[in-house]
Structures are given as C-alpha cells and as structure tokens.
Amino acid sequence: MKRQLIKHVLTRRDYGATVTVAGWLRSRRESKGGFSFLLLNDGSCLTELQVVADGTLPNYTDELSHLTTGAALSVTGRLVESPGSGQSVEVHATEVTVHGEADPEQYPLQKKRMSFERLRELAHLRPRTNTFGAVARVRNALMAATHQFFQTRDFVCVHTPIITGSDCEGAGDMFAVSTLDPEHPPRGADGCIDYEQDFFARRTFLTVSGQLEGETHACALGRIYTFGPTFRAENSNTRRHLSEFWMVEPEMAFADLSDDADLAEAYIRHLIQHCLEHCHADLTFFNQWVDQGLLARLAALADAPYHRLSYTEAVDRLLSSGEAFEFPVEWGCDLQSEHERYLTEQVFAQPVIVTDFPEAIKPFYMRLNDDGKTVAAMDVLLPHVGEIIGGSQREERLDVLLERMALKGVDPEAYRWYVDLRRFGSVPHAGFGLGFERMVQFCTGMQNIRDVIPFPRTPRHAEF
RNA sequence: UCCGGCGUAGCUCAAUGGUAGAGCGGGUGACUGUUAAUCACUAGGUUGUAGGUUCGAGCCCUACCGCCGGAGCCA
C-alpha cells in the first residue's frame, strides 16, 4: 500500500491533492448531517488527522457508522483546508477500508485518559496511546542522538557480549545462563553441580555491564562506546530500577577523570538539545500532561555547565547544611538518595558531578588517587532522576590493580585478560555508564521507569 | 527484602457497621461541520482471595495475593 505519513500530510497545503493515509481510529464523532469525523493516528506524530467520512460512501451505513476507537483503517481522499477550528487540514474520504475492527465491548483502551498503572497491564496496546507513542518517539530520538554524538566524535560502536563468564563484576546479583536440566542437574563427585557439562562448560551469566570488555577495544581503537541491554537480578522495587535495561558505555584511552566528566557533560547536553530540536510536539505534550516544569528544566540544562565537586566537598557541604537527614552524613559512607537529591535539587538546582569517592566503597577497577584514600570515580546526578551516570578513570598500573584486586577479594586468574591490558601497552583510560531509561525519564518527565521501556522487566514481571 | 498506602461496574472514583452509586466508556434513539460534541433512554457488580467478629461487613480483625510510593542495591 502506498501511503503518506500523517506527520507529513499535516504540513501540506496543496489542497485538492489525493492522499492515502492509514492508521488507527482514535475517535469518531457523528455529525448531525449524517456523516462522521474520524480522528486517525498512525504513530508518526502525536496529532491525529481528521478524516471526513460522508454518509454517501458505499460502506458508510454498514461499516463506518459503527466504527469505534481502536479500529485500523486506510483512507484515500482529497486534502482540503479545514473549516473547523481544531485543525488546518483534513481529508475528505473517497474510500475508507476497514482492516480490523476493535470490539468496543472488549477493546481495553478508552478515549478517556487512563492510568499508567492500568496501561502497564496492557503493554501490547499502550503504544497506541498519546503518552506511550510520544515516549517511543522520544526514546528513539535519544537513541539516534546517542549514535550521532559518539559517531561524530570518532567513537567506534562495539557490541560487547550479553552472556558473560565473569561472575563478580562488582555490580550486583546476576542472572545465571544455563541449559542444564534444573530438575536433575549433573553432579560431580563432591555433590556440587557439574558446570563442565553445561553449554559453555562453565558458569555463565547475563551481563551487568559491558565495561570490562569495552576497555579491551578502547585500548586498541582509542575511543569506543557500547549500547546494549544490561541485566541485574536485584530484588529492586522502585520507580528507577529495571531488571533489564539499556546502558550506554563510552570508554576512552589516553583520558583521565576530567576528560571523562567533560564527555559525560557534553553527551547529556547533546541529548537534551537533540530532543528539544526534534521532539518539540511530544515534549510539549509531556509538559502539558505529565510534568509542567519539563520544558523549562530541559531548556535550562541544554547549555548550563554542570557543577563539579569532590565527594569530600559534598560531604562537607551536607554536614554544614544544617539539614536534618534521615541518614547521617559521614566521610566514608556512600551518599544516600536523600543526600544526592539535596545536592542536585536544593543546593545547586542543576546537574551535579561528584568525584573522587572513598576507595573502600568502590570497585577494584577504579584508579587509586595519590592520596591513597580515594579513587577517580564520578557520579552524575540529575534533578528528579538521581544518579544517571556512574564512571571512573580505570586503574592502569598493574601493581596497583593487583593490590586492589587482592584487597577486594577478586581473583586475578578469573580476570587474566583484563589484567593483560595493564601488562601490555597499558594507558590511562576512563569511561562511564549511562542508564538510558533514566535519560528517557528525564527527557519526558515520566515518573516511573517502567513506562519508558516498551516491555519492562522487574521482579515477578516478564509477561509480555 | 524492609516500611507505608491502596484493591468497589470496562475505566476513574463515591458510599457513619444498616437497600452498592456517579461520571466517563458501551448499546439504542434524537439532532445540518464536530473538536472532552450535546440530549434522552438503557445494559453493566460473587466490593482482590480465604477465614473471623457481628442480628447485619465494601467498611472492623487475621492471613494471603496484587498494585503504588519510599528505603536499600544501582544506571
């Protein structure tokens, strides 16, 4: 079928032209004159196209006069200037084909506004709603902007593995991958499960990060990024956590923490600018219906420099704030959500980059600072979303890395290939991971992370 | 996993321990171009599940299930 997208038709002014569009019926209003106004949406944009279906159409009485929300149609007709006030163009149909009806007694989507919780149970139908259509378009724009940003800066996109053999990457519980019969797994002489007989002849898991593998290519190609699914088997039940989410992880050779922070800042700014430029209608929709401060906040963040301070400074700042926190602040403890929120929302009211955390609370691969107490790590905190980026300069000194591994109880044998990078042609390098869904949340104002990924996986939820 | 809140019509929500209701959506009809159309009529319920208290439970108690929010873990 040759058809035009509604987003293009809506901008045309060549009245009299014949156009063909196709989509799903959002609503039908019957006129007193014995004809119908059909609002058609094809997903190409937020706005519906108004189609006038005249009572003289051959299938009007039998089919068109009974159409209800959700039906799939294609329409051929004449583009005309609309006499009505809600739209500038409309299509007078000469032919309307009904491809699929949607029985109103059973079709769960209403013309009325529905709760996000309810729509979550209708994950297969919710992309047909204004909000989720807009989320999908913004998400797509952010993905395109991500590739654009890194590609134009000569980063090479690297596909790191989904299945990994590293079982302690320091980022939480992992999903096991196995083809063994869970009822009767083979067992060795010691009674333990014999993973020698498993598919990969060893224990394997879904990745919690592509970083370690990414470093191998950064230390060869110079600048790389990964953009792929990531899995965490944590029993997290919050509006900012998913069991399966997408992460963007750039990694740069010959770079330190300051370069890393510069990149993070430029990347986030690029995403916001791209969104403002390419998703204006969708953002305006979110600003009106979801988060009234959205556009102002995005505009403010598109150019402003982000505030950087060290962990030690952040702790001092919190201690001297006089604020009564639920959890007391003390040097050496990880910053709590309330502390991060206070910094990014109250103190600076802008994105904040906290650097140089105590080594005791960070993983083995982060570079030890000269003070011997802190590592070259950074967290980027966004107002209302919280931690969106975690990154660090990596420990490139072989002896220090081995010490740190010993200290953290990580077996260097299990990471031979990773240690090898420090043995042969080691360079200072740095990178970070950005939670893609959290960025989509930030750009749409959507409160719950389950509503910015098409099919959210959370504990006890993998229905679709 | 811990803390708190909530489960009533297809959807959003009312209902002092005393006859389960409204709006929207649906159906039927009326009305010369509508924009959340309007108006009239109409259908629609094992009040999350299982127990308990009571003359009587949507409401009180217990357990379980589900959902939401906060915390932890993190991106």
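Each chain gets a letter, A, B and so on, in the order the sequences are listed, and its residues count up from 1. Everything numeric in this text was worked out from a predicted model, so none of it was measured.
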>> With no hydrogens and no angle check, just 3.5 Å: does a side-chain donor-acceptor pair link A:Thr230 and A:Arg232?
In response: no
How would you list, by chain and number, every residue that makes a ring-ring contact (aromatic ring centres under 6.0 Å, His included) with [X], sequence neighbours excluded?
X        : value
A:His339 : A:Phe325
A:Phe150 : A:Phe155, A:Tyr225, A:Tyr267
A:Phe464 : A:His124

Determine the interatomic distance between [atom1] on [N] and the same-named atom on [M]; round to the nearest Å.
N     : M     : atom1 : answer
B:G58 : B:G17 : C1'   : 11 Å
B:U42 : B:A15 : P     : 26 Å
B:G69 : B:C31 : C1'   : 48 Å
B:U49 : B:C67 : C1'   : 15 Å
B:G44 : B:A22 : P     : 13 Å
B:U19 : B:G56 : C1'   : 13 Å

>> Quick check on salt bridge (Lys or Arg N to Asp or Glu O under 4.0 Å): which of A:Asp379, A:Asp260, A:Asp262 does A:Arg308 satisfy it with?
In response: A:Asp262
Just how far, in rounded Å, is [atom2] of [N] from [atom1] of [X]?
X        : N     : atom1 : atom2 : value
A:Gln211 : B:A75 : CD    : P     : 9 Å
A:Leu122 : B:U12 : CG    : P     : 10 Å
A:Glu463 : B:C67 : CD    : P     : 11 Å
A:Met114 : B:C13 : CE    : C1'   : 15 Å
A:Phe327 : B:G70 : CZ    : P     : 14 Å
A:Asp379 : B:C73 : CG    : C1'   : 13 Å
A:Ile449 : B:G70 : CD1   : P     : 12 Å
A:Glu234 : B:C2  : CD    : P     : 16 Å

Check side-chain hydrogen bond (donor to acceptor under 3.5 Å, both in side chains) between [X] and all other residues, then give those that pass, not counting sequence neighbours.
X        : answer
A:Asp259 : none
A:Asn287 : none
A:Asn235 : A:Asn237

>> The criterion is salt bridge (Lys or Arg N to Asp or Glu O under 4.0 Å); which residues satisfy it with A:Glu387, sequence neighbours excluded?
In response: none
> If you find the nucleotide of RNA chain B closest to A:Thr238 and the one closest to A:Asn448, which residue's nucleotide is nearer the 5' end?
Replying inline: A:Asn448
> Closest nucleotide of RNA chain B for A:Glu121 versus for A:His241: which of these residues is on the 5' side?
Replying inline: A:Glu121
Ignoring backbone atoms, establish whether [X] has a side-chain N or O less than 4.0 Å from OP1 or OP2 of [N].
X        : N     : value
A:Arg118 : B:C11 : yes
A:Arg341 : B:G70 : no
A:Arg240 : B:A75 : no

Looking at every strand, decide which applies to [X] at a 4.0 Å heavy-atom threshold: base, sugar-phosphate, or nothing.
X        : result
A:Arg120 : sugar-phosphate
A:Arg26  : nothing
A:Arg28  : nothing

> Taking the six-membered ring where the residue is Trp, are the ring centres of A:Phe364 and A:Tyr415 under 6.0 Å apart?
Replying inline: yes
> Could you write out RNA chain B as a dot-bracket string, with dots for unpaired bases, | for bases paired across to another strand, and Watson-Crick or G-U pairs counted at under 3.5 Å?
Replying inline: (((((((..((((....[..)))).(((((.......))))).....(((((..]....))))))))))))....
> Going by the salt bridge (Lys or Arg N to Asp or Glu O under 4.0 Å) test, which pairs reach into residues 118-136 of chain A, not counting sequence neighbours?
Replying inline: A:Arg118-A:Glu121, A:Arg120-A:Asp451, A:Arg126-A:Asp451
> Can you find an N or O donor on one side and an acceptor on the other, under 3.5 Å apart, linking the side chain of A:Arg438 with the base of B:C74?
Replying inline: yes
> Could one point to a donor on the side chain of A:Ser236 or the base of B:C73 with an acceptor on the other under 3.5 Å away?
Replying inline: yes
>> Please find the pair of heavy atoms, one from A:Asp282 and one from A:Ala134, that lie closest to each other, and give the distance.
In response: OD1-CB, 3.5 Å
>> Under 4.0 Å, heavy atom to any atom of RNA chain B: which of residues 332-340 of chain A qualify?
In response: A:Gln336, A:Ser337
> Taking protein heavy atoms under 4.0 Å as touching, what does nucleotides 25-39 of chain B look like 5' to 3' if B marks base contact, S marks sugar-phosphate-only contact and - marks none?
Replying inline: SSS---BSBBB-B--
> Under the side chain to side chain contact (heavy atoms under 4.5 Å, CB included) test, which residues partner A:Asn369, sequence neighbours left out?
Replying inline: A:Asp356, A:Asp371, A:Thr374, A:Ala376
